[in-house]
Amino acid sequence: MTTQYWLVKQEPADYSWTDFARDRRSAWTGVRNYQARNHLKAMQAGDAVLFYHSGDGKAVVGLARVGRAAYPDSTATEPGWVAVDLVPVRPLPQPVTLARIKADAALRDIALVRHSRLSVMPLPAAAFARILKLGGG
DNA sequence: GCCAACGTTGGC
DNA sequence: GCCAACGTTGGC
């Protein structure tokens with residue numbers, strides 16, 4: 001299976017990149033949106049993931065990878081919800097802000113811009129590479 | 001099956 | 001703090 005590319009959002013006040021880097025691994029639980037869940041289910045171990053700070057931050061701040069593909073979310077009170085495990089790889093030398101992304105012609109159609117409420121989304125390989133480049137990573 | 005009301009997310 | 005987008009719920 002070829003590597004797929006994703007972006008996940010997190011409110012830094014709830015769980016920041018710093019928390020993630022300290023933990024070395026995080027169970028991505030609590031997703032309760034069907035579209036986001038379907039993206040979680042499509043993740044494979046080893047896939048590349050960008051970590052985005054929503055709210056106070058509004059920037060892509062780090063690179064991660066999928067450590068474990070989808071499994072039942074133990075925090076859910078109803079069946080059917082899933083979690084994945086994510087592992088931090090490295091922070092981006094320079095966070096890529098939402099404003100920067102919106103200003104980039106090659107990125108104006110990504111889900112982060114087009115579908116701002118989605119918390120787990122796929123990224124085309126080219127868009128993923130572009131954001132990494134903008135971040136100096 | 002439609003639609004109004006309402007709640008949540010997230011940018012500004 | 002406000003508002004747009006959008007998902008969910010419930011009445012009909």
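We name chains A, B, ... by the order of the sequence lines, and we start the count at 1 in each one.
- As a whole-Å value, the separation of A:K9 NZ from B:dG10 C1' is 7 Å.
- For A:D56 and B:dC12, the CG to P distance is 14 Å, given to the nearest whole Å.
- To the nearest angstrom, P of B:dG11 lies 12 Å from NE2 of A:H115.
- Nearest to the side chain of A:R117, among B:dT8, B:dG11, B:dG10, sits B:dT8.
- In this model, the phosphate group of B:dT9 is not approached by any side-chain N or O of A:K58 to a distance below 4.0 Å at OP1 or OP2.
- Two residues are said to be in side-chain contact when any heavy atoms from C-beta on lie closer than 4.5 Å; A:Q4 and A:P122 fail this criterion.
- Of the listed nucleotides (B:dC12, B:dG10, C:dG7), C:dG7 has the atom at the smallest distance from the side chain of A:N33.
- The existence of a salt bridge linking A:D73 and A:R37 is excluded, since no basic side-chain nitrogen approaches an acidic carboxylate oxygen closer than 4.0 Å.
- For the pair A:R130 and A:F128, the NZ or CZ position fails the cation-pi test of under 6.0 Å to the six-membered ring centre and within 45 degrees of the ring normal.
- Residue A:H53 contributes atom NE2, which lies 17 Å from atom P of B:dT9 at whole-angstrom precision.
- Here B:dG11 presents its P atom at 12 Å from CG of A:L118, a figure rounded to the nearest Å.
- Going from atom CD1 of A:I101 over to atom C1' of B:dG11 covers 13 Å, rounded to whole Å.
- In the set B:dG10, C:dG7, B:dC12, B:dC12 carries the atom at the smallest distance from any side-chain atom of A:K102.
- The interatomic distance linking A:M121 (CE) with C:dA5 (P) rounds to 17 Å, in whole Å.
- Considering only side-chain N and O atoms, A:Y52 lies under 4.0 angstrom from the phosphate OP1 or OP2 of B:dG11.
- Taking atom CG of A:N38 as the reference point, atom C1' of C:dG7 lies 14 Å away to the nearest angstrom.
- Side-chain rings of A:F51 and A:W28 approach one another, their centers coming within less than 6.0 Å.
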